[in-house]
Structure formats: structure tokens, C-alpha cells
Amino acid sequence: MIVRGKHPGARQAAVALVLLAPTLVLFGVFMVWPAIDALRISLYNWTGFSPRPEWVGIRHFRDMFGATVWGMGVPFLLALAVALAAAGLLNWRSGRQTEPTLWQRRQAKWAWWPALLILCAWLAWWLYGTQDGDDFFRWCVRNNFKLMFVGGLFNFAFAFIFAAGLSMANFKAAKFYRTMIFFPSFISAVGVAILWQRVYDARGGLCNEMIQGVADLVSRAISVVHPIHLTIEPIEWLSSDNMFNSVIAAAIWSGVGGEMILLIAAIQRIPPTFYEAARVDGANERQVFVHITLPMIKEVILITLTLWVIGSLKVFGLVQAMGIDQDQTSSVVSTRQYELAFSNRDNIYQMGYATAMAVVLLVLIVIFALGLRLFKSEEELEF
Amino acid sequence: MHWDPNILATVPEKIIRIANPFTFIAWFTIGVVILVAWDRTRLKILYAVKSLWVGFSILAMLWVIISSMGTSKDFVQVPEKALMQFFDYHNPATMTAMAVCLACCGGIVALAVMLARRPTGGEYSFYAGQGLLGALGLGALLAGAHFNGFDHWRENYIRAWTIARMGDYMINSVLISVGSVGLITLLSAMATYALTKLEFPGRDSMLYLFVASLAIPTQLILVPLFLMMRNWHVAALNFSFMDSRFGLIIIYAALSLPFTIFLLSGFFRSLPSELGEAAAIDGCGEFTTFSRIYFPLAAPGLTTAAIFNFIGIWNEYNFALVFITNPDLKTLPVGLYYLVVTQQYAAEWPALFAGIVILFVPTFLIFLILQRQIIAGLTLGSVKG
């Protein structure tokens with residue numbers, strides 16, 4: 001920049017401040033401050049309407065995790081502290097060197113793994129191994145995890161297959177397929193929920209009709225040799241047992257498009273010279289995919305995974321609008337929180353406890369987001 | 001010899017059954033697989049999976065549209081009959097209408113393509129003709145439906161629009177989304193320019209703060225924001241953040257800013273800094289450089305960000321549910337949600353489906369027309385590390 005005035009740096013800083021001011025005000029007042037305030041509210045018992053909130057300290061968290069976890073948590077916490085300290089020391093030492101090599105940086109990063117594993121073990125033990133604490137909340141977190149892992153697996157598998165297929169040069173009508181796969185991500189969660197409710201309808205829903213249609217075809221084929229008509233017992237897709245699986249299927253349907261588009265964009269951004277060079281060197285299609293395409297889009301894959309993790313942990317609209325069944329088997333953390341804080345089924349609003357749930361959600365998201373960051377490669381690819 | 005209106009009634013039932021819309025998707029898939037059997041082996045599977053997926057999506061949407069044109073009775077009791085009745089093969093009027101519709105259905109798409117591509121001369125008239133044909137085809141489909149007793153669509157949509165108040169909700173949704181998207185676009189462009197093209201202490205950590213705040217779940221700030229907003233009202237102006245469109249606009253803007261800045265920062269970085277330096281030599285201040293050079297240059301990225309934000313806010317549901325209780329101010333998704341809740345007591349399926357169509361059509365049109373821009377914006381380095 002051309003130097004003007006006595007203090008060009010100060011001038012730029014002033015301009016930047018003016019340009020940033022509205023954003024910072026909005027961001028601070030409506031995001032940072034409420035997030036900090038949430039930590040405070042989670043330490044109170046508050047209906048939100050009584051004049052004075054009652055200080056309860058960490059009791060909400062103790063209720064949530066149960067005395068057993070709290071007591072057994074101590075060894076876990078000690079182990080975690082040791083692992084974190086070791087990793088921190090290692091990273092600090094590597095950072096102190098003037099120019100740490102790539103290998104050293106990688107090594108330092110791997111030092112975080114024990115801490116992460118201990119944390120995951122604790123989490124798994126709390127979710128699946130204990131009977132104490134808030135059972136219903138644990139059920140909700142388990143549902144979130146189910147959506148995250150099972151839904152994520154299918155979601156990502158489909159997104160990857162679609163993206164890989166659609167970016168093949170000899171794939172015909174790629175644009176049509178791309179549009180049609182992408183458009184469900186543009187429907188509101190409420191719309192998706194209603195549509196799938198209709199699809200799942202036991203009497204005459206699309207799912208059962210399609211199964212019956214296949215049965216008709218099969219029975220028609222069999223009828224060539226022996227007259228028969230197969231009738232399928234209608235499946236109750238929205239019964240308490242099947243409800244959450246159905247929600248996961250709907251979430252996959254509406255989620256694949258967005259991830260596919262991100263992956264396609266990443267694949268299209270790879271310069272064709274890379275492929276040409278590989279072909280000249282005699283690489284076959286599989287080698288090209290494994291050694292060029294995958295490393296080049298690794299960054300975007302990680303972003304996509306992170307977005308899915310965050311999205312699946314805070315999913316609300318789809319589950320709420322699909323309807324919570326009688327046994328509340330399909331509740332997730334956010335719907336339970338909404339129920340406690342704003343829906344007066346019991347005429348008691350538990351703002352404090354609901355916020356404590358959200359704090360746990362935040363911790364989970366941070367753990368998973370940081371865990372995924374460990375996979376990030378150290379080399380910076382510029383292209 | 002008398003004229004039999006049901007010419008197709010003489011066709012054996014077997015053939016009609018094979019042409020059943022439900023089995024149609026299976027035939028379609030099989031056909032596609034056979035077509036590409038000449039091609040490479042891997043492609044076959046890809047096509048099959050994708051065709052199944054897309055076929056299901058199309059069928060589901062079709063199902064919604066058809067449901068919005070019948071009566072409750074048709075769909076609660078004998079849905080399959082209703083669908084068969086809609087595509088009544090016995091009725092020559094329907095057959096004609098469907099043929100016309102199928103012949104012309106590309107027209108609507110062509111119209112969208114025309115709007116996106118800005119064609120010239122002869123192409124223009126070709127696309128316009130296609131668009132006209134598409135409109136004709138849709139009309140033919142509606143006419144065919146009309147002959148089959150699916151003449152309730154107008155009534156259903158009017159009921160959804162007026163009695164279920166989708167019209168009012170749509171106005172609210174439009175005001176809120178347009179307002180907040182405008183605000184977001186302007187503010188995030190300013191902020192991203194400052195964060196990427198100006199030098200000042202703490203710049204990188206500020207950008208990092210924005211990126212880190214992406215991890216904050218909306219549920220965390222829902223309750224504190226609710227408690228905070230409830231206390232903020234100006235009695236003299238009769239203004240409150242609760243139950244007001246303005247309050248929701250501000251909230252949405254604040255919540256979307258970090259993601260938008262994250263999306264745009266990569267894009268702004270890809271713009272050459274030499275332009276700003278050249279402008280500085282010519283005597284431009286930082287503000288002029290921003291408004292005259294970087295803002296116009298960033299238009300593609302800003303458009304992409306605006307589209308994403310618009311779709312997100314148009315469909316947003318959690319905050320609108322908590323912060324809006326006044327029925328006059330509800331947005332479309334919330335209105336639809338309450339329609340679902342009340343629907344448990346009064347079966348109003350068709351109005352509900354009409355509501356979905358009303359909710360969905362604007363986003364679908366935006367998507368269809370601006371699809372190119374969305375992809376281009378993503379490819380231009382906006383989503384990167």
C-alpha cells in the first residue's frame with residue numbers, strides 16, 4: 001500500500017475498525033454474550049419467570065451425569081489431565097524450535113490422540129455403560145450419536161459415490177442428476193418432515209406402496225408357473241420402534257445433496273494438469289483417484305464431515321416436525337431442550353437445566369470438531 | 001357405431017397395471033441400466049443408484065403436488081386409487097393432457113436456463129417458445145386433473161393461502177429473509193474486506209474467532225437470547241425484540257455473519273491485492289477502494305453467500321418458533337408446523353400439501369435459475385480450509 005499521512009498503519013486500523021464495527025456489535029451482543037451468559041444460566045435453577053434465579057452450582061451437571069460417573073470420572077479426569085499435559089508439552093517444545101520440520105509437526109499433533117481417546121472412552125462409558133443420572137437425556141444423546149454415525153456413514157457414502165460419478169467425463173446428463181439430487185437440501189425441514197410423514201404412512205404411503213409394487217411384480221413373475229399373489233403386511237414406519245430410523249433416512253435424503261455439491265466443487269477445482277501428468281506417468285484410473293483426487297479434496301472432506309457432525313448434533317427442525325412419538329423414543333437433545341425450556345407440557349419451565357444440556361452439546365461439538373482437525377494435513381497445497 | 005369415451009377401457013387390465021406409476025420407476029431404472037450396458041461396467045451401477053435416488057425424489061415431490069390437488073377423502077382412505085385416478089388411463093382427455101404435458105415439460109426448465117444464460121437472437125425465441133409450451137403443458141396437466149375429479153387444487157391453494165394464512169406468512173417470510181440477507185451481505189462484505197485486505201493488529205485472531213464461533217450450537221444461545229430479548233423493549237415506541245420482524249432480522253443477521261465471513265474470506269483472498277494498490281496510487285481511500293473496486297469484484301461470491309443465506313433463513317424454524325408467538329408475524333415454516341399440529345385434529349391434508357408447495361416454489365425457482373452461480377461461487381475458492 002502507498003504510504004499516506006504520518007501513520008498509515010493507524011489509518012488502516014481505524015478504517016478496519018469502522019468497517020468491522022457493525023459486525024462486531026451484532027456478533028458480540030447476539031452471539032458471544034449469550035454464549036457466555038449460557039454458561040452462567042446453566043448454574044442456576046430458573047423458570048425464566050420467577051423473579052430470582054436460584055444458584056445451584058454444578059448440580060444440573062451432576063444430575064445429568066449421575067453420581068457414578070461423577071465418582072468414576074475422577075480417574076478418567078486424572079488420565080485426561082496427564083494426557084493433555086504431555087501433549088501440550090510436546091507441542092510447546094515443537095513450537096519453540098525455530099523451524100519445526102513437517103515430521104516434527106506431525107509428531108506433535110499425534111500427541112493429542114491419547115487425550116482424545118480417553119475422552120471418547122469416558123463418553124462411550126457414560127452413554128452405554130451406566131444406569132445412573134438423567135436416563136432420558138442420555139437417550140437423547142444416544143439418538144444424536146446414532147444420527148451422527150449411522151446417518152453420517154450413509155450420507156457420506158452416497159455423497160461420495162454421487163460426486164465421483166457426476167464428475168466423470170463420460171457421465172451423461174450429469175447436470176440433471178446434480179440438480180435432482182441437490183434440490184432436497186433446499187426444502188425446509190418442516191417440508192421434508194411432512195413429505196416423509198406422507199411417504200412413511202402405513203396405509204398407502206409411498207414406502208409401503210413401493211414394497212407392495214415389487215411384491216406385485218414378483219408375484220406376476222411367479223404367476224407364469226403358478227398362480228399366486230403376494231400381499232405384504234404394511235410396515236409401521238412411524239411406530240415408536242422405527243421412528244428414529246425413519247428420521248435418519250429423511251435426514252440422509254435431505255443432506256446428501258449439499259455434501260455432494262461441496263465435493264463436486266472440490267473435485268472440479270483440481271487443475272487438469274495434475275491428471276495429465278499422472279496419465280503420462282502411466283497411472284491407471286484407480287491410482288489417479290487414490291493418489292491425486294483424494295489428497296486434493298481431503299481438506300473439503302474434513303470440512304464436510306465437520307459440518308455434518310455439528311449439524312447432526314444440533315438437529316432440531318426435522319425431528320420436531322416429524323413429531324415426537326408417544327414414547328418419545330425419537331427425542332434428541334435439542335427437542336428435549338425445547339420441551340423443557342419453552343413448551344409448557346408440565347407448566348414448569350426449566351431454563352437452567354435446558355441450558356446445561358446445551359452446554360454439554362457445545363462440549364461434544366468442540367470435542368468432535370477438534371478431533372477431526374487432527375486429520376488435517378500439515379502441508380499447504382497451493383493450486 | 002357410437003362414440004365410446006372410454007376407449008382405453010378395452011385395453012387389457014394387465015397392460016394398465018404394467019404402466020402403473022409405481023412400477024414405472026422400476027421400469028425406468030431397468031431401462032437406464034440396459035441403455036448404459038454398452039458403456040463401462042462401473043457406470044451401470046452408478047446410473048442405477050442415482051436413477052433410483054432421483055426417481056424416488058421425483059415421485060415424492062409428485063406425490064405432494066398431486067396430494068395438494070385432491071380432497072382429504074381421496075388421500076386418507078384410498079391413496080393408491082387416488083393416484084391412479086389422477087393418471088386415469090381410461091380417460092382420453094387425461095391421456096392427451098399428459099402427452100401434451102410430457103412433450104412440453106422441458107419448457108419450464110428451458111425458461112429457467114434462458115434466464116440464467118442470457119441467450120441472443122434466435123436462441124431467445126427458441127427458449128421463449130419452449131417456455132410457452134411448458135406453460136401450456138402445465139395447463140394441460142391441470143386440465144387433465146380437472147377432468148379426473150382433481151378439480152380441488154384451486155380451492156385447496158386458496159384455502160391454504162387465506163384460511164391457513166400462508167399468504168400472510170409468506171409476506172413475513174419475504175420481509176424477514178430479504179431484510180436479513182441484505183444486512184448480512186453488506187456487513188459481511190465490509191467485514192471481510194477489512195479482515196483480508198487491510199493490515200491491523202489482531203486481524204488473524206479475529207478471523208479465527210469468527211471461524212471458531214461456527215461451533216457454537218444455536219441451542220446454546222437460544223435460552224439466554226430469549227431471556228435477554230424479553231427485557232429489551234422500548235415502551236415509548238411500543239417496540240420489542242420479541243414478536244417483531246425487526247428483532248428476527250437482527251438475530252438472523254448476527255447468527256449468519258460468522259459463516260458468511262468464513263465463506264467470503266477465501267473468495268476475497270483470491271482477489272488480487274494489486275488492484276487496491278493501484279487504486280491507492282490513483283488517490284482512492286480505503287472506503288472508495290472497497291466500494292468501487294472490491295465490492296463489485298466480489299459480486300459472484302456475494303451472490304453465492306446471499307443465496308445460501310436466503311435459503312437458510314427462508315427455511316429457518318427454531319428461532320422463529322421461539323421468538324414469534326403472534327400469529328400475525330409467523331413465518332412460513334412455523335405456520336406450516338402449526339398447520340401440522342392442528343392437522344392432527346382436523347384432517348386438512350390437501351391444504352397442508354398446498355402449503356408445502358407454496359413454501360417450496362420460491363426456493364426451487366431461485367435454485368433452478370441461479371444454480372450455475374451457486375456452483376461457480378463454490379468453485380471459485382470460497383470453501384477452502
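Chain naming here is simple, since letters A, B, ... match the order of the sequence lines and numbering starts at 1 in each.
- By number of non-hydrogen pairs under 4.5 angstrom with chain B, the leading residue of T355(A), V333(A), T179(A) is T179(A).
- Note: S57(B) leads P333(B), S57(B), G312(B) in heavy-atom pairs under 4.5 Å with chain A.
- Counted by atom type alone, Q212(A) and D216(A) present one or more donor-acceptor pairs between their side chains at under 3.5 Å.
- The candidate from V366(A), L362(A), D37(A), V32(A) with the greatest count of non-hydrogen atom pairs under 4.5 Å with chain B is L362(A).
- At a 4.5 Å heavy-atom cutoff, I184(B) makes no contact with chain A through either its backbone or its side chain.
- Chain B forms more heavy-atom pairs under 4.5 Å with one residue of Y338(A), W253(A), F186(A) than with any other, namely F186(A).
- The contact between F158(A) and chain B is made entirely by side chain atoms (from C-beta outward), counting heavy-atom distances below 4.5 Å.
- Interface summary for chain B: among L17(A), L302(A), V29(A), V25(A), the most heavy-atom pairs under 4.5 angstrom belong to V29(A).
- Both the backbone and the side chain of L336(B) have a heavy atom closer than 4.5 Å to some heavy atom of chain A.
- Of the possible donor and acceptor atoms, none in the side chain of K314(A) sits under 3.5 Å from a partner among the backbone N and O of S334(A).
- Within the 4.5 Å cutoff, side-chain heavy atoms of V54(B) are placed close to those of I181(A).
- Judged purely by atom type and a 3.5 angstrom limit, Q337(A) uses its side chain to pair as donor or acceptor with the backbone of Q219(B).
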**Request:** Tell me, with the steps shown, if I270(A) and I297(A) meet side chain to side chain contact (heavy atoms under 4.5 Å, CB included).
**Result:** CA-CA 8 Å; I270(A) 301 172; I297(A) 64 171; 4.1 Å; yes
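- Using modelled atom types, one finds no donor on one side chain facing an acceptor on the other under 3.5 Å when comparing Q320(A) with Y317(B).
- Here A320(B) pairs with L248(B), Y252(B), E316(B), T331(B), V334(B) under the side-chain contact (heavy atoms from CB on, under 4.5 Å) rule; sequence neighbours left out.
- Chosen from L227(B), L183(B), T192(B), the residue pairing most often with chain A at heavy-atom distances under 4.5 Å is L227(B).
- Considering only heavy-atom pairs separated by less than 4.5 Å from chain A, the leading option among L359(B), V322(B), I216(B) is V322(B).
- The aromatic ring centres of F210(B) and F27(A) sit less than 6.0 Å apart.
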**Request:** Might you work through the salt bridge (Lys or Arg N to Asp or Glu O under 4.0 Å) test for K197(B) and E286(B), ending with a clear yes or no?
**Result:** CA-CA 10 Å; K197(B) 295 290 172 198; E286(B) 278 84 354; over 6 Å; no
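- Neither the backbone nor the side chain of L364(A) comes within contact range of chain B; no heavy atom of the residue lies under 4.5 Å from a heavy atom of that chain.
- For chain B, the option among L26(A), I41(A), I187(A), I310(A) with the highest count of heavy-atom pairs below 4.5 Å is I187(A).
- Contacts of F360(B) with chain A are made by side-chain atoms alone, with heavy-atom separations under 4.5 Å and no backbone atom involved.
- Using a 4.5 Å heavy-atom threshold, the side chains of Y193(B) and T289(B) count as touching.
- Neither the backbone nor the side chain of R203(B) comes within contact range of chain A, judged by heavy atoms closer than 4.5 Å.
- Separating the OG1 atom in T23(A) from the CE atom in M206(B) is a distance of 10.0 Å, to the nearest 0.5 Å.
- At least one donor-acceptor pair under 3.5 Å links the side chain of S312(A) to the backbone N or O of V309(A).
- In terms of heavy-atom pairs under 4.5 Å with chain A, the best-connected choice from I250(B), N318(B), L187(B) is N318(B).
- Of residues 188-197 of chain A, those residues lying under 4.5 Å from chain B by any heavy-atom pair are S188(A), V190(A), G191(A), I194(A), L195(A), W196(A), Q197(A).
- Contact check for L195(B) versus F200(B): side-chain heavy atoms found under the 4.5 Å cut-off.
- Of the listed residues (L321(B), L222(B), I366(B), V357(B)), the greatest number of heavy-atom pairs within a distance under 4.5 Å of chain A belongs to L321(B).
- Among K50(B), M190(B), E199(B), the residue with the largest count of heavy-atom pairs under 4.5 Å with chain A is K50(B).
- For A341(A), the part sitting under 4.5 Å from any heavy atom of chain B is the side chain, from C-beta outward, and nothing else.
- Remark: aromatic rings of F259(B) and F308(B) are distant, center separation not under 6.0 Å.
- Of the atoms belonging to L24(A), it is side-chain heavy atoms, and not backbone ones, that fall under 4.5 Å from chain B.
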**Request:** Decide side chain to side chain contact (heavy atoms under 4.5 Å, CB included) for F287(B) and L19(A); before the verdict, give the C-alpha distance in whole Å, the side-chain angles of both, and the deciding distance to 0.1 Å.
**Result:** CA-CA 9 Å; F287(B) 289 111; L19(A) 286 174; 3.9 Å; yes
